[in-house]
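Beneath this line is the structure, given in structure tokens, with notes to follow.
We're numbering straight along the sequence, starting at 1.
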Amino acid sequence: MASATPDLTPVDAQSDFNDAIGVAANQIGLATGVGVLVGTAAGLGIGCVAGAVVGAALMPPIFFAGAPGGCLAGAAAGAALGAAAGTGQVPPPATTSALASPVTRV
């Protein structure tokens, strides 16, 4: 005959919570690493093209004159901006943050 009371086993809730936090930290770290790699690669490519096209006409030659100098300068700037975008360090647009903010602005 089965007992009417359930079998109670102790649960270590703190250990379960710590394990979940550890797994989440690993996943966030991996996602940030991938974001930095993808953002840097995209920034290098886009920055080089933009620097070669626009930079050759608008900026004085820093490294090399013309398109190669613009490509190098654009790639350096694009890599830095791409890495920042990949980690999520770029602030959201003002309209998005204003809509999401619980504080009423006057």
Side-chain angles (χ1 to χ4, degrees):
M1 180 185 257
S3 173
T5 59
D7 293 333
L8 300 176
T9 56
V11 174
D12 187 8
Q14 186 65 46
S15 176
D16 292 343
F17 180 75
N18 290 342
D19 290 343
I21 293 294
V23 169
N26 287 339
Q27 297 299 320
I28 290 171
L30 289 171
T32 302
V34 169
V36 167
L37 287 174
V38 171
T40 302
L44 278 170
I46 294 169
C48 180
V49 171
V53 172
V54 177
L58 295 180
M59 77 177 210
I62 295 173
F63 302 110
F64 302 109
C71 176
L72 288 174
L81 292 173
T87 58
Q89 299 299 319
V90 178
T95 55
T96 305
S97 61
L99 294 174
S101 176
V103 177
T104 305
R105 298 176 184 192
V106 255

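Atom CG of Leu44 has more than 12 neighbouring heavy atoms from other residues, nucleotides or ligands inside a 6.0 Å radius.
The disulfide bond (SG atoms under 2.5 Å apart) pairs that include a residue from residues 10-53 are Cys48-Cys71, where partners are two or more places apart or lie in different chains. For residues 17-39, the set of pairs meeting the side-chain hydrogen bond (donor to acceptor under 3.5 Å, both in side chains) definition, not counting sequence neighbours, comprises Gln14-Asn18.
Among all heavy-atom pairs drawn from Ala83 and Thr40, the shortest one is CB-OG1, 3.5 Å.
Here Val36 is tied to no hydrophobic group at all, with no ILVMFWY side chain closer than 4.5 Å. The hydrophobic cluster around Ile28 extends to none of the other residues, as no ILVMFWY side-chain heavy atom falls under 4.5 Å of it.
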